[in-house]
2 protein chains.
Amino acid sequence: MYEKKIPKDFSCGMAVLMEIIGGKWKSYLLFLIGKGVRRPSELHRQVPAATKRVLNLQLKELEFHGIIGKDIYPELPPRVEYFLTDFGQSLMPVINAMDNWGSGYVGEFRQLMERKSELSGIHN
Amino acid sequence: MYEKKIPKDFSCGMAVLMEIIGGKWKSYLLFLIGKGVRRPSELHRQVPAATKRVLNLQLKELEFHGIIGKDIYPELPPRVEYFLTDFGQSLMPVINAMDNWGSGYVGEFRQLMERKSELSGIHN
DNA sequence: CAGAATCCAAATAGATACTG
DNA sequence: CAGTATCTATTTGGATTCTG
């Protein structure tokens, strides 16, 4: 399995939360699963910029921390459905607070990023 | 300057927030500055595990996003004091919500990490 | 004390091809 | 469809040294 070499300090609640939801796509995944998007292929369709591999890795971490669970139906073709655990549900208000705050800043944030791009000559 | 090559998608408020506070030590820094720890040397003393360089990088990012500001006193020896902007203040309730949730999970989290370490044979 | 410069290590993500 | 394996690229953080 994966072995981290640099110790992290989890004395602070923030650090614990960041460890749990800190991946690049975990917030989307939680958001979507919270909205009822359950199957891996659907999730991938909603977040096409990420590869299956990365989504799977992050889903595994969320599962490891008990935030989500999965039902596996041994059919053909195989079917898997993710869901929020009770513990995961307890996280949703925090997620929503984070999303709300961020949403209020999206516009200004984009401008800031454009200014930054101009300065360094990048034009996506 | 630093040029990112992989585009990020900030359509979601969560992603914006994570971009702003997502660094390894930013949460500590905000927490400490919010508590009134102002000077770089003090901050470094409170977070000795991080190097000055990294703390500076993260402080700069927080400053770039308008979360914190700094007063520079051109004295000898030089003195710098960070402070939360109004915008940064607006973030604190979210930070606190995140910290509270995480704090409630610290114990269980540590156990989980130990179990993980046992499995892979790591004993820090 | 504050912080920039350089070099390097670790962590994380992406591309692609493959299996049941 | 779901998931893994392998390889590569990018991003981020750490160590050290140096300056005013």
### Message
Under 4.0 Å, heavy atom to any atom of DNA chain C: which of residues 39-47 of chain B qualify?
### Response
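The stretch gives B/R39, B/P40, B/S41 as the residues lying under 4.0 Å from the strand, ordered by number.
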### Query
Heavy-atom contacts under 4.0 Å between residues 69-83 of chain B and DNA chain C, which residues?
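Output list: B/K70, B/P77, B/P78, B/V80, B/Y82.
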Working to the nearest 0.5 angstrom, can you tell me the gap between [X] [atom1] and [Y] [atom2]?
{"X": "B/M92", "Y": "B/I33", "atom1": "CE", "atom2": "CD1", "value": "9.0 Å"}
{"X": "A/L30", "Y": "A/I21", "atom1": "CG", "atom2": "CD1", "value": "7.0 Å"}
{"X": "B/Y28", "Y": "B/D99", "atom1": "OH", "atom2": "CG", "value": "10.0 Å"}
{"X": "A/W101", "Y": "B/M14", "atom1": "CH2", "atom2": "CE", "value": "12.0 Å"}

### Task
Could you pick out which residue, A/L59 or B/E61, lies toward the 5' side of DNA chain D when each is mapped onto its nearest nucleotide?
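Result: A/L59.
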### Message
Determine whether B/L91 and B/L17 satisfy the following criterion, side chain to side chain contact (heavy atoms under 4.5 Å, CB included), listing intermediate values before the conclusion.
### Response
CA-CA 9 Å; B/L91 183 56; B/L17 185 136; 4.0 Å; yes
Check residues 76-85 of chain A and write down every donor-acceptor pair under 3.5 Å in which the side-chain atom is one partner and the other belongs to a residue at least two apart or another chain.
| residue | atom | partner | partner atom | Å |
| --- | --- | --- | --- | --- |
| A/R79 | NE | A/E75 | OE1 | 3.3 |
| A/R79 | NH1 | A/E81 | OE2 | 3.0 |
| A/R79 | NH2 | A/E75 | OE2 | 3.1 |
| A/T85 | OG1 | A/G66 | O | 2.5 |
| A/T85 | OG1 | A/I67 | O | 3.0 |
| A/T85 | OG1 | A/F87 | N | 3.4 |
| A/T85 | OG1 | A/G88 | N | 2.9 |

### More than 12 heavy atoms from other groups under 6.0 Å of CG on B/D86
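For B/D86, atom CG is not crowded (no more than 12 foreign heavy atoms under 6.0 Å).
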### Message
Rounding to 10°, can you tell me the angle the first-five-pair axis of the helix from C/dC1-D/dG20 to C/dG20-D/dC1 makes with its last-five-pair axis?
### Response
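Roughly 40°, once rounded to the nearest ten degrees.
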#### Entry: Linked, directly or transitively: B/V37 and B/Y73 (ILVMFWY side chains, under 4.5 Å)
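No, it is not one cluster - the side chains of B/V37 and B/Y73 are not joined through contacts under 4.5 Å.
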### Query
Counting just side-chain N and O atoms, does B/K60 come under 4.0 Å of either OP1 or OP2 of C/dA4?
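Checking B/K60 against C/dA4: at least one side-chain N or O falls below 4.0 Å of OP1 or OP2.
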### Query
Within this structure, what is the CZ-to-P distance between A/R38 and D/dC1, rounded to whole angstrom?
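Computing the A/R38:CZ to D/dC1:P distance gives 19 Å.
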### Query
What is the distance from CE of A/M18 to P of C/dA11, rounded to the nearest Å?
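The answer, rounded to whole Å, is 17 Å.
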Side-chain donor-acceptor pairs under 3.5 Å in residues 46-62 of chain A, sequence neighbours left out?
| residue | atom | partner | partner atom | Å |
| --- | --- | --- | --- | --- |
| A/T51 | OG1 | A/V54 | N | 3.4 |
| A/Q58 | OE1 | A/W25 | N | 3.0 |
| A/Q58 | OE1 | A/K26 | N | 3.1 |
| A/E61 | OE1 | A/K26 | NZ | 2.6 |

### Residue list, side chain to side chain donor-acceptor pair (under 3.5 Å) with B/S103, at least two apart or on another chain
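If we apply the side chain to side chain donor-acceptor pair (under 3.5 Å) test to B/S103, skipping adjacent residues, there are no hits.
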### Message
Quick test of your reading: applying salt bridge (charged side-chain N to carboxylate O under 4.0 Å, His left out), list the pairs with at least one residue in residues 34-43 of chain A, sequence neighbours left out, ordered by first then second residue.
### Response
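Of all non-adjacent pairs touching residues 34-43 of chain A, none passes salt bridge (charged side-chain N to carboxylate O under 4.0 Å, His left out).
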### DNA chain D-proximal residues of residues 21-28 of chain B, any heavy atom under 4.0 Å
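Hits under 4.0 Å, by residue number: B/G23, B/K24, B/W25.
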### Message
Near DNA chain D, counting only heavy atoms under 4.0 Å, which residues of residues 49-58 of chain B show up?
### Response
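Only B/T51, B/R53, B/V54, B/Q58 qualify.
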### Query
Which heavy atom in A/F109 sits nearest to a heavy atom in B/E19, and how many Å separate them?
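Smallest heavy-atom distance, with atoms named: CZ-CG, 3.5 Å.
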### Task
Report yes if some heavy atom in the side chain of B/M98 is under 4.5 Å from a heavy atom in the side chain of A/M18; otherwise report no.
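A side-chain contact under 4.5 Å exists here.
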